[in-house]
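Quick notes on the structure that follows.
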Amino acid sequence: MTPVIFVPRDAAAIAVGANRVAEAIAAELSARGIEAELVRNGSRGLHWLEPLVEVRFCDRRVAYGPVKPSDVPGLFEAGFLEGGAHPLLHGETEEMPFLKAQTRLTFARCGVTDPLSLDDYRLHGGLNGLETAVAMQPADIVQHVTDSGLRGRGGAGFPTGIKWKTVLNAPGVRKYIVCNADEGDSGTFADRMIMEGDPFVLIEGMAIAGIATGAAKGFIYTRSEYPHAIETMQAAIETARKTGILGPSVLGSAHAFDMEVRVGAGAYVCGEETSLLNSLEGKRGVVRAKPPLPALEGLFGCPTVVNNVLSLASVPVILDKGADFYRDFGTGRSRGTMPIQLAGNIRHGGLYETAFGITLGELVNDIGGGTLSGRPVKAVQVGGPLGAYFPPELFDTPFDYEAFAAQDGLIGHAGVVVFDDTADMLRQARFAMEFCAVESCGKCTPCRIGAVRGVEVVDRIADGDKPEEQIDLLKDLCNTMKLGSLCALGGFTPYPVMSALTHFPQDFTPKPNTLKPLAEAAE
Amino acid sequence: MELQVPEADVANRTAAIADGHLNVEGPLLPILHDVQKEFGCVPEAALRVIADKLNLSRAEVHGVMSFYHDFRQEPAGRHVLKICRAEACQSVGGEVLAEGVRKALGIGWHETTPDGRITLEPVYCLGLCSCAPAAMFDGELHGRLDDAALSGIVMEAGR
Ligand SMILES: Cc1cc2nc3c(=O)[nH]c(=O)nc-3n(C[C@H](O)[C@H](O)[C@H](O)COP(=O)(O)O)c2cc1C
Ligand code: SF4
């Protein structure tokens, strides 16, 4: 059997040289006259080892990484096509501790298969969920998803089944499934990894959502910053059409479903579902007041499911293995697994899917290996730019929607960004305000004006201009933004600001010499 | 990238792009993206044509275009460097790194070097947060950057 070499096509792997490694391997193969298959897989999620090159031979699959193009001749010399010993060898991929300890349900195939091979997809359990769904009544599919306990992975944690039920029961002949793939939070990349590493699972999840709610059309709204994800998704949709997964008769059933990819244009707020719908309609991405709920009056005024990539990509396994199977993972009201993204100043950064309930400290220290710089951890921001900063004193907080809320934080899209002790939390608070000012849709005053004032107030604290008064003002401002903003951009920006202030008051002292390059970003 | 396209040409080519999208739902963003791909920006003359084709006012089209950070009214330089300024990159020194190139190029964010060679844009997350600091140069991604790597990328780029 010819060996198979896997070099990831994931954007993170490409950003650290995977394409050059693949070229070097191809050149070496032809120079040596060796026959082997080269597959561009998704990423396994061990990003500190990217480019992680795997070799499959006989029944084994071993990993080498991080591989540089200049390592390639040496790997051939070491006989890496038969798993030969080499300083970069990590042994059997599945036995690597970072992977072995995970529970991969949503990411079961990511990094394992060829993302664009439908045969590979089927071979690894793909389409089982959709095949089950086409034989079910829509209401039963919805009940299944409700029973699984799946909550929206985009941030708000709203039960997916309940949302679907509203759309199913909404009158209307035209309904839509909109996949929110706008993933704008810093520290998150799981949506991107699914689109690049297992695009068919998203197509399958959206098709199931369509059948369950009576929608025949889907849109994936993603970001212009994700060119590789766009390309892979489009190629997979094309294949799905040709093979009857999408089209007038989904898998030969009476259900029609088709979809297309739409690309945003660099506006963070377009991740908010109503702003996203406006953007899809070709309008300014201004947030809409709710009600009406998008489930009742969404895209073009029609009943619309808006779900995050991870929510939709978790549906196939629920239909395949059953609601109980999925619900048995997790804790409290947070059921199933969460693909957690370890990022920033962390030694072992990447994707870690596990059942809810793991503590923040386990994630950062045990799995993540602490900081990349080797310095002490100072703070961890969870849930993107609108998420709170946690100090190590709160590392016993379990990863669970309610537990994080109880600590004035949120898990959001499960991005975990680690900062070492060189971080200045006043600057981070300032950035949160600045980001809100840059990205505000402008609809409400507390957000549009408040964020600009917030930057000024933080600057005055740094300048030592009546700092105590300014700190009171900052608290007041946060309160106004929290209570007076229409959406979570203005409403949640106080989370990073107030958590920084609460947990790191020592940083909110005059520092006349601070450099302020961040100031110049505000447009 | 073309800097000078006759207005009639802009109008014709924009009309062709718009026609290609008329049967899609919500065609405006796809049209703006394609127009920008064609001309490197969304020229004034294109706005009028798009407005006509979609039965909107010119002001409405302008309003949409100006809402989104991606759309430009003037073409960018011959190369575009987008540096991530978001939290994950900040945590590993992204800010200092960005300051370094900014000084070396002698320009601010959203500006182009006087010779028209490089435009510098901030970006809030490229999704490479586990391989930070990150940047995109002419559409190519770069992770785990340091001063040497970033200035290498910038300096090696042709005129
Ligand atoms: C400013 C802002 C940005 C958001 N960005 C995203 C995003 O990038 N992706 C996402 O899925 N949800 C995002 N959301 C949440 C969405 O509004 C919405 O709750 C979500 O798409 C619903 O899907 P889910 O139920 O599957 O989570 C954002 C919300 C706000 C207020
Ligand atoms: S809070 Fe900000 S982003 Fe949200 S609707 Fe109001 S102005 Fe727009």
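Chain letters run A, B, ... following the sequence lines, proteins first, then strands; residues in each count from 1.
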Open item on the list: Can you tell me which portion of A:Asp185 sits under 4.5 Å from chain B's heavy atoms? Options are side chain, backbone, both or neither.
Closed with: backbone
TODO: Might you confirm whether atom CZ of B:Arg72 has over 12 heavy atoms from other residues, nucleotides or ligands at distances under 6.0 Å?
DONE: yes
- [ ] Measure A:His228 against the heavy atoms of chain B and call it side chain, backbone, both or neither at under 4.5 Å.
- [x] side chain
Open item on the list: Can you tell me which of A:Cys270, A:Ser279, A:Ala423, A:Ser224 forms the most heavy-atom pairs within a distance under 4.5 Å of chain B?
Closed with: A:Ser279
Open item on the list: As an exercise, state the distance from CD of B:Glu60 to CZ of A:Arg284, rounded to the nearest 0.5 Å.
Closed with: 11.0 Å
Open item on the list: I'd like to verify something: which residue of A:Ser373, A:Gly415, A:Gly264 has the highest number of heavy-atom pairs under 4.5 Å with chain B?
Closed with: A:Gly264
- [ ] Go through B:His69 and A:Val438 one step at a time and tell me if the side-chain contact (heavy atoms from CB on, under 4.5 Å) criterion holds.
- [x] CA-CA 10 Å; B:His69 300 303; A:Val438 172; 4.2 Å; yes
Open item on the list: Show every side-chain hydrogen bond (donor to acceptor under 3.5 Å, both in side chains) that has at least one partner inside residues 132-155 of chain B, sequence neighbours left out.
Closed with: B:His79-B:Asp138
Task: For chain B, the option from A:Asp420, A:Val263, A:Leu280, A:Leu342 that forms the most heavy-atom pairs under 4.5 Å - done: A:Val263
Task: Top contributor to chain B contacts, counting heavy-atom pairs under 4.5 Å, from A:Ala190, A:Gly285, A:Gly184 - done: A:Gly285
- [ ] Quick one: pull up CG in B:Leu29 and CG in A:Asn278 and give me the separation to the nearest 0.5 Å.
- [x] 11.0 Å
- [ ] Compare every heavy atom of A:Arg262 with every heavy atom of B:Gly26, then report the nearest pair and how far apart it is.
- [x] O-NH1, 3.1 Å
- [ ] Identify the heavy atoms of A:His47 and B:Ser130 that sit nearest to each other, and give their distance.
- [x] ND1-OG, 2.6 Å
- [ ] Answer with side chain, backbone, both or neither: which region of A:Pro385 has an atom nearer than 4.5 Å to a non-hydrogen atom of chain B?
- [x] both
Task: Check: A:Phe435 ring centroid to B:Tyr124 ring centroid under 6.0 Å - done: yes
Task: Candidate pair B:Gln90 and A:Gln428, rule side-chain contact (heavy atoms from CB on, under 4.5 Å), full reasoning - done: CA-CA 9 Å; B:Gln90 290 166 15; A:Gln428 297 311 125; 2.8 Å; yes
- [ ] Considering non-hydrogen atoms only, spot the tightest contact between A:Ala343 and B:Cys129 and give its length.
- [x] CB-O, 3.3 Å
Task: Structural part of A:Gln381 lying under 4.5 Å from a heavy atom of chain B - done: side chain
Task: Contacts with chain A made by residues 42-55 of chain B (heavy-atom distance under 4.5 Å), listed by residue number - done: none
- [ ] Under the side-chain contact (heavy atoms from CB on, under 4.5 Å) rule, what do A:Tyr268 and B:Cys125 come out as? Steps first, then yes or no, please.
- [x] CA-CA 10 Å; A:Tyr268 175 76; B:Cys125 202; over 6 Å; no
Task: Exercise: identify the closest heavy-atom pair between B:Phe67 and A:Ala267 - done: CE2-CB, 4.1 Å
Open item on the list: Within the supplied structure, the quantity of interest is the number of heavy atoms (other residues, nucleotides, ligands) at a distance under 6.0 Å from A:Arg347 CZ; does it exceed 12?
Closed with: no
- [ ] Nearest 0.5 Å please: distance from the CG atom of B:Leu128 over to the CD atom of A:Glu50.
- [x] 11.5 Å
Open item on the list: Around atom CD of A:Gln234, are there more than 12 heavy atoms from other residues, nucleotides or ligands closer than 6.0 Å?
Closed with: yes
Task: B:Asp70 side, atom CG; A:Arg223 side, atom CZ - distance, nearest 0.5 Å - done: 9.5 Å
TODO: Kindly indicate, with the supporting measurements, whether the criterion salt bridge (charged side-chain N to carboxylate O under 4.0 Å, His left out) is fulfilled by A:Lys217 and B:Glu25.
DONE: CA-CA 11 Å; A:Lys217 179 75 192 271; B:Glu25 298 171 281; 3.1 Å; yes
Task: Pick from A:Gly17, A:Gly282, A:Gly349 with the largest number of heavy-atom pairs that fall under 4.5 Å of chain B - done: A:Gly282
- [ ] Quick one: which of A:Thr371, A:Ile346, A:Asn345 has the most heavy-atom pairs under 4.5 Å with chain B, could you say?
- [x] A:Asn345
Open item on the list: If I measure from the heavy atoms of chain B, does A:Val418 come under 4.5 Å with its side chain, its backbone, both, or neither?
Closed with: backbone
